[in-house]
Amino acid sequence: MSVKVSTPKGTRDFLPEEVKKRNYIFTTIRKVFELYGFEPIETPSFEMSQTLMGKYGEEGDRLIFRILNSGDKMKKADIQALSEDNLPRFANSLAEKALRYDLTVPFARFVVQHQHALSFPFKRYQIQPVWRADRPQHGRYQEFYQCDADVVGSDSLLCELELIQIFDQSLTKLNLPGFTIKLNNRKILSGIAEVCGEQRRLVELVTAIDKLDKIGEQGVIDELRDKGISKDSIEKIRPLFTFSGNNELKLDFLRTFLNTSAIGIQGVEELSYLVRTVSQFPLERGVLELDITLARGLNYYTGAILEVKAHDVKMGSICGGGRYDDLTGLFGLKGLSGVGISFGADRIYDVLSELNLFPDEVLHQKKILFVNFDELTYSHVQKLLTGFRNKGVICEIYPSHAKLQKQFKYANDKNFTHVVIVGLEEIKNNSVALKDMITGDQRILSQEELLNL
RNA sequence: GAGGUUGUAGCUCAGUUGGUUAGAGCGUCGGUUUGUGGUACCGAAGGUCGCGGGUUCGAGACCCGUCUCCCUCCCCA
């Protein structure tokens with residue numbers, strides 16, 4: 001070993017077996033997206049900085065990977081901004097491009113830019129990597145794949161319903177035994193803030209409530225107090241911490257709790273529609289659960305908020321999503337409502353690995369290795385190789401005249417299911433020897449019999 | 001961005017209060033076997049002890065810095 005080599009932190013290489021398993025996840029999700037009429041698009045891995053900056057809140061900007069200007073562009077650096085201690089502006093002058101942080105904001109840019117070529121409602125899916133300069137942890141990487149499906153140009157709740165069904169179908173097809181689809185609505189959160197008179201502190205209020213299951217009731221109360229939320233307001237919110245029951249009971253509770261807030265009641269009606277419809281057309285394995293503490297994507301969600309957690313694993317959410325009424329508004333196209341979901345393929349991979357749920361076929365396809373003896377036998381083998389490949393069977397010939405021991409070891413290590421031997425003896429009898437690498441059995445066949453297996 | 005933790009062979013890890021030439025298992029390669037893998041036996045290769053500096057007669061071990069791994073917070077997939 002001469003130099004210490006490694007991938008940058010938060011990134012990984014994928015061995016052939018891992019790539020096969022990942023492709024299985026992508027393919028499964030892609031098929032479901034297509035069955036619901038979503039069409040594929042792709043966008044560049046990096047965008048203009050200004051497209052991304054400021055779209056994910058203050059925290060988000062910190063986590064965006066910036067791309068340093070190259071060559072003479074370096075000379076354009078805004079030294080004055082640096083001397084005035086205006087670091088964001090200085091940074092922008094150094095890096096006019098940045099790696100995409102998610103697929104939603106680039107999609108909003110895409111819709112605005114190509115609006116003349118799209119017909120609405122536009123349903124697209126997109127499976128590409130995103131980058132976040134986050135500190136790596138269990139299930140958190142700096143480079144990871146998102147599989148997004150969004151509908152833009154329709155405010156029908158049928159879209160939300162379809163997306164919930166897509167969660168259910170995809171994860172069921174991936175053989176996940178159980179998962180909860182958590183549902184909330186930004187209008188409920190606005191309603192809560194309104195009812196306790198803290199509309200202006202919505203984000204602080206809600207991010208504290210979001211931690212309920214993590215730090216408990218007292219923890220949330222402490223945090224609210226630290227953030228300067230009044231005692232009165234906290235008292236008004238308190239009932240939210242303890243109420244429980246099924247979705248119907250929760251809705252009843254909210255209807256009463258939010259009855260002075262028009263927007264809150266609107267949120268309740270939206271949730272109520274989804275809960276009712278899902279119960280009429282039940283999900284396969286997913287459990288739909290109202291969770292008013294759910295507070296994701298506050299920076300742009302305006303209606304539904306969705307999150308999926310797998311059962312029986314210690315892992316953050318594996319999918320997210322929600323409705324955003326004004327996302328394209330940021331890029332100048334008003335009045336276009338969107339709603340979308342995102343699958344975290346890397347986390348799903350970790351969950352499937354942990355629960356041992358990858359199907360055997362993904363890794364153990366039929367594969368045949370032909371032993372390589374010499375030039376004389378090669379022409380006979382080549383005919384068989386072509387025959388198998390025409391039938392769609394994976395096969396290969398060992399590339400050199402190595403001793404048999406070595407060729408068999410190769411077959412074993414690479415999970416070949418069969419080895420075919422064609423040597424002088426077999427050619428003389430117009431036969432082949434076929435060895436089953438799993439059982440160890442070996443038999444003699446004619447060449448025709450071999451191809452017809 | 002804040003706090004904690006880890007780093008010795010390709011991998012998982014030993015290495016005593018600082019003291020000769022830094023070890024094991026697994027893996028790799030070769031042989032036992034020039035027409036047979038997965039088991040067994042024999043042998044070999046492989047290490048600037050993360051990096052830089054300091055203390056010391058002497059540092060893998062102690063001190064400082066730095067990078068990295070993993071974890072908590074923040075936030076999220």
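Quantities reported herein were computed from a predicted structural model and do not represent experimental measurements. A, B, ... follow the sequence lines: proteins, then strands. Residue 1 opens every chain.
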Is it the case that G37(B) (base atoms only) and K406(A) (side chain only) share a donor and an acceptor within less than 3.5 Å, ignoring hydrogens and angles? no
When you check the phosphate oxygens OP1 and OP2 of U72(B), does a side-chain N or O of Q137(A) lie under 4.0 Å from one of them? yes
G47(B) pairs with, by Watson-Crick or G-U criteria that keep both distances under 3.5 Å: none
Distance-only donor-acceptor test (3.5 Å): side chain N412(A), base G37(B): yes
Between R124(A) and D150(A), is the closest basic N to carboxylate O distance under 4.0 Å? yes
Under 4.0 Å between a side-chain N/O of K414(A) and OP1 or OP2 of G37(B), yes or no? no
Considering only heavy atoms and no angle criterion, is a donor-acceptor pair shorter than 3.5 Å present between the side chain of R135(A) and the base of C75(B)? no
Using a heavy-atom cut-off of under 4.0 Å over every strand shown, decide if E426(A) touches base, sugar-phosphate, or nothing. base
Between Y125(A) and Y36(A), is the gap from one ring center to the other below 6.0 Å? no
If you measure only the distance, is there a donor-acceptor pair under 3.5 Å linking the side chains of D374(A) and T377(A)? yes
Per the atom types in the model, does the base of U34(B) pair as donor or acceptor with the side chain of K403(A) at under 3.5 Å? no
Kindly indicate whether the side chain of R140(A) and the base of C75(B) share any N or O donor-acceptor pair separated by less than 3.5 Å? yes
Can you tell me which nucleotide in A77(B), U72(B), C69(B) comes closest to the side chain of Q146(A)? A77(B)
Does the distance from a Lys or Arg side-chain N to an Asp or Glu carboxylate O, for R109(A) and E47(A), drop under 4.0 Å? yes
At less than 4.0 Å, is any side-chain N or O atom of K211(A) found next to OP1 or OP2 of C75(B)? Yes or no. yes
Of the candidates C29(B), C73(B), C71(B), the side chain of K214(A) sits closest to C73(B)
Is there a donor on the side chain of Q442(A) or the base of U36(B) sitting less than 3.5 Å from an acceptor on the other? yes
Hey, is F144(A) doing a stacking thing with A77(B), by the 5.5 Å centroid and 30° angle criteria? yes
To the side chain of A433(A), which of G35(B), U68(B), A77(B) is closest? G35(B)
May I ask you to decide whether R12(A) forms a salt bridge with E18(A), counting only side-chain N to carboxylate O separations under 4.0 Å? no
Among U33(B), C70(B), C74(B), which nucleotide has an atom closest to any side-chain atom of P136(A)? C70(B)
